[in-house]
Participant: 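Have a look at this one before I ask anything.
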Amino acid sequence: MALDKPYKDVPGTTIFDADQSRKGYHLNQFCMSLMKADNRARFKADERAYLDEWLMTEDQKQAVLARDLNRCIALGGNIYFLAKIGATDGKSFQQMAGSMTGMSEEQYRDMMIKGGRSVEGNRYIGEDGDAQAHHQPQGGKKD
Amino acid sequence: MALDKPYKDVPGTTIFDADQSRKGYHLNQFCMSLMKADNRARFKADERAYLDEWLMTEDQKQAVLARDLNRCIALGGNIYFLAKIGATDGKSFQQMAGSMTGMSEEQYRDMMIKGGRSVEGNRYIGEDGDAQAHHQPQGGKKD
Amino acid sequence: MAKITASVYTSHVPAIGAAIDTGKTTDPYWVPLFKGYEPSRSWMEASKPDVIFLVYNDHATAFSLEMIPTFAIGCAAEFKPADEGYGPRPVPTVIGHPELASHIAQSVIQDDFDLTIVNKMDVDHGLTVPLNLLCGSPDAWPCPVIPFAVNVVQYPVPSGRRCYNLGKAIRKAIESYDEALKVQIWGTGGMSHQLQGPRAGLINREWDNAWLDTLIADPEAAAAVPHIDYVREAGSEGIELVMWLIARGAMDDVAGGPAPKLAHRFYHVPASNTGVGHLILENQ
Amino acid sequence: MAKITASVYTSHVPAIGAAIDTGKTTDPYWVPLFKGYEPSRSWMEASKPDVIFLVYNDHATAFSLEMIPTFAIGCAAEFKPADEGYGPRPVPTVIGHPELASHIAQSVIQDDFDLTIVNKMDVDHGLTVPLNLLCGSPDAWPCPVIPFAVNVVQYPVPSGRRCYNLGKAIRKAIESYDEALKVQIWGTGGMSHQLQGPRAGLINREWDNAWLDTLIADPEAAAAVPHIDYVREAGSEGIELVMWLIARGAMDDVAGGPAPKLAHRFYHVPASNTGVGHLILENQ
Ligand SMILES: [Fe+3]
Ligand SMILES: [Fe+3]
């Protein structure tokens, strides 16, 4: 691609640039529609039917139905748009953010109270911080 | 006013600046609404009723009903917005522009075919060109 | 790498579109005008670009008073002809070039031009009339088009100098795109006209032609012309000419290359209320 | 002539708004945060401005992907609190200052900043939470507010340097307004936070505090920080800090005047996902 992307080497992070924006256009515009109370009610009443009104890919629709925000972001979603789904579900930003880390709500909240996630080991892909791919999923699943 | 307006000394000319835009906001937004065929039909069916749906001043409504474009401009209208009224009436831009000069449609068309209005005497207020206030109305009314 | 091959300049009078749409191009009134564009259509067929970067202004069509962007770049996959009040013009949908448009947006925003990115927009006569004049009335436009809208409706509008410098930044952006595309940049609008008030109908043939001379030979000087000169000499809507400076600023000579070749020049009065000017400049 | 009396900087976390709206400000979790703003509320009462120029970012609220302005200035008479998905916040309508806003728009556009002029817009937590933090929860905000929205959602976002230079131009504009208004300029958003992906929850207390030191003492250096440093060190949403540079660039010392007085400084982790920073700088 022709866009210069110096931000590709940051682990666990997707920068919402023009390429992502293009990929996620209809997904994000669907999210915007949830800023109207009427639309939130219609979405809640029949999520699938509401999603089918939008020119989204089946993958995007499945990711929304599963509330898989990491997948939504991979498919072009942006967190400020996706937050409208969380708002519709009555979730806080902390619950939404935490849901992307593989940690339980409590684990994530505790991490934040203790000062948040450390940047050490999480600056560049290939270091050994907790946000690196080889430490996924974080939190509970120790097997 | 705090805006610097070097264009105030040009005769027969209103520059659409922030002050004009504020004054004409609802008038111009009414004009924009005529870009939808349904709205044009509703406006034509009952102009007064349609205008009453907008937060326009009575002066603005009267100027629209009278198709007095000079008055519309004095009240904050901009020609590109006002042109939607002319389009609804099936008028061309030449007919609309001509209607503001006090000339007949034919007089205005003839002037244009002959090369348009001369800039001589029409650069600064106080010169003696045909667009100066003391030559108004131009065209037909020689009394 | 992509390359700007030529710049095209033309007025974009709505009545020209109406003449085309209603089959009046052979009326005596219109014959001299369309004749002036015949060489341009041949040139266009011989010099077909891969993409046209088309600078125009929206005439209170896509942008109401709710939001007025100074510079807006169209990054969508397509743009439909707008209903300006007469119904949409019967011309093809404009196919965009989202990848190049996004690349240009990224590059010039990082060069301190504060663009508005537009992903949904209908395009009005300001964009479609120039396409007709250079391409005729085909079933599909010959190549993708990136619409670039400049605010010249509500003051303050950008200065000529700002537009000229933006052209330089657009050139840099296009020439850094890693695909070998031939790109034309078009500047539209103008020349002298006034559509409002007792001074409506103003045309200034001498001033228009002198401005064309300057634009060709000394674009720095053309870029230095202040707004008030356009209003005073070329009528209130003559201000549209600042858009030509974006195209001119993108030419090779401005970046130290050779002077462009003047492939065509045409001037005609009147088209409806307007003095029509037209230039084709080729990079050498 | 109008005068910038002070600049205020603060994070604008939505959870702070939710804590206020649901009466949780005295919960142990929130007490330290609101305590940190107590001196600010006293200061605000003692230093009441005539107008607040409030720099913030829209969080996909007023601006969808249809149109993304880099810089948007609110020129309307009023701005309603937006429904961000939870229903509108129960806070007062924001009263604008159309005359001063238009004057600033005219001045900075002529200084080559390509603003989008906005005459209709709802405002989200990015604007209303800072007002609550400094003014409490009154029936009406204490003075008119000019909302100034910066795109930090879709890349490319404006550089820190561009924001800083815009601050200088805004200062010049305000100081040329011919009414003796006391104006505060606020920069909001940040500090370190990341709301997305496996790296969500990142906070960098050391970096945040070093950046505050730099912003106060060496704003030129703060303005030179590239985007990638914010993302890497302060999380993907840490990029919001570029907005603080607009306010900082508008202070007297940047234009050759004396250094500002640090009236208050506060830092707290966490508010929800975010490292909260807050400064008040007074012109001397
Ligand atoms: Fe035009
Ligand atoms: Fe924010």
Participant: Select, from Gly275(C), Ala18(C), Ala60(C), the one with the greatest count of heavy-atom pairs under 4.5 Å involving chain B.
Facilitator: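 So the answer, after comparing Gly275(C), Ala18(C), Ala60(C), is Ala60(C).
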
Participant: What is the minimum heavy-atom distance between Glu237(C) and Ile79(B), and which atoms define it?
Facilitator: OE2-CG2, 4.3 Å

Participant: Report, as yes or no, whether the 6.0 Å neighbourhood of atom NZ on Lys120(C) holds more than 12 heavy atoms from other residues, nucleotides or ligands.
Facilitator: no

Participant: Is chain C contacted by the side chain of Thr14(B), its backbone, both, or neither, given a heavy-atom distance below 4.5 Å?
Facilitator: both

Participant: What part of Ser118(B) lies closer than 4.5 angstrom to a heavy atom of chain C: side chain, backbone, both or neither?
Facilitator: backbone

Participant: Checking Asn78(B) against chain C: side chain, backbone, both or neither under 4.5 Å from a heavy atom?
Facilitator: side chain

Participant: Apply the side chain to side chain contact (heavy atoms under 4.5 Å, CB included) test between Met35(B) and each candidate in Thr61(C), Asp124(C), Asp122(C); give the one that qualifies.
Facilitator: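 Of the listed options, the one satisfying the test is Thr61(C).
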
Participant: Report the option among Cys31(B), Ala83(B), Ser21(B), Gly116(B) that has the most heavy-atom pairs separated by less than 4.5 Å from atoms of chain C.
Facilitator: Ser21(B)

Participant: With a 4.5 angstrom heavy-atom cut-off, is it the side chain or the backbone of Asp9(B) that approaches chain C, or both, or neither?
Facilitator: both

Participant: With only heavy atoms counted, which part of Lys91(B) is less than 4.5 Å from chain C, the side chain, the backbone, both or neither?
Facilitator: backbone

Participant: Using non-hydrogen atoms only, which part of Met32(B) is less than 4.5 Å away from chain C: side chain, backbone, both, or neither?
Facilitator: side chain

Participant: Could you look at Met111(B) and say if it's the side chain, the backbone, both or neither that has a heavy atom under 4.5 Å from chain C?
Facilitator: side chain

Participant: Examine whether an atom of Tyr230(C) lies under 4.5 Å from a heavy atom of chain B, and if so say whether it belongs to the side chain, the backbone or both; otherwise answer neither.
Facilitator: neither

Participant: Is chain C contacted by the side chain of Arg40(B), its backbone, both, or neither, given a heavy-atom distance below 4.5 Å?
Facilitator: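 Arg40(B) touches chain C through side-chain heavy atoms alone.
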
Participant: Do other residues, nucleotides or ligands put more than 12 heavy atoms under 6.0 Å from the CD atom of Glu53(B)?
Facilitator: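 Yes, CD of Glu53(B) has more than 12 neighbouring heavy atoms, counting only those of other groups under 6.0 Å.
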
Participant: Determine the option with the most heavy-atom pairs under 4.5 angstrom with chain C, choosing from Ile15(B), Asn28(B), Asn39(B), Asp130(B).
Facilitator: Ile15(B)

Participant: Got more than 12 heavy atoms from elsewhere within 6.0 Å of CD, Glu127(B)?
Facilitator: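 More than 12 heavy atoms, drawn from other residues, nucleotides or ligands, come within 6.0 Å of this atom.
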
Participant: Below 4.5 Å, heavy-atom pairs only: which of Asn204(C), Val153(C), Val231(C), Val269(C) has the largest tally toward chain B?
Facilitator: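 Ranked by heavy-atom pairs under 4.5 Å with chain B, first place is Val153(C).
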
Participant: Heavy-atom distances under 4.5 Å only: say whether Gln196(C) touches chain B with side chain, backbone, both or neither.
Facilitator: both

Participant: May I ask you to name which of Ile203(C), Leu65(C), Val157(C), Ile228(C) has the most heavy-atom pairs under 4.5 Å with chain B?
Facilitator: Leu65(C)

Participant: Counting N and O atoms only, with roles assigned by atom type, does the side chain of Tyr108(B) sit under 3.5 Å from a partner on the main chain of Gly201(C), one being a donor and the other an acceptor?
Facilitator: yes

Participant: I need the residue from Val10(B), Thr13(B), Thr101(B) with the largest number of non-hydrogen atom pairs under 4.5 Å to chain C.
Facilitator: Thr13(B)

Participant: Could you look at Ile113(B) and say if it's the side chain, the backbone, both or neither that has a heavy atom under 4.5 Å from chain C?
Facilitator: both

Participant: Non-hydrogen atoms of chain B under 4.5 Å away: do they reach the side chain of Arg232(C), the backbone, both or neither?
Facilitator: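 The answer is both parts of Arg232(C).
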
Participant: Under a 4.5 Å heavy-atom cut-off, does chain B meet the side chain of Glu206(C), its backbone, both or neither?
Facilitator: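 For Glu206(C), neither part sits under 4.5 Å from chain B.
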
Participant: Looking only at heavy atoms and a cut-off of under 4.5 Å, which of Asn122(B), Thr88(B), Leu69(B), Ile85(B) has the most pairs with chain C?
Facilitator: Asn122(B)

Participant: For residues Tyr86(C) and Phe93(B), report the shortest heavy-atom separation together with the two atoms involved.
Facilitator: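 In terms of heavy atoms, the two residues are closest at OH-N, 4.4 Å.
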
Participant: Find the one option among Pro156(C), Pro198(C), Gly197(C) whose heavy-atom pairs under 4.5 Å with chain B are most numerous.
Facilitator: Pro198(C)

Participant: Can you tell which part of His193(C) gets under 4.5 Å to a heavy atom of chain B, answering side chain, backbone, both or neither?
Facilitator: side chain

Participant: Nearest heavy-atom pair of Arg123(B) and Arg199(C): which atoms, and what distance?
Facilitator: CA-NH2, 4.3 Å

Participant: Asn273(C) versus chain B, heavy atoms under 4.5 Å apart: side chain, backbone, both or neither?
Facilitator: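 Answer is both: backbone and side chain atoms of Asn273(C) are under 4.5 Å from chain B.
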
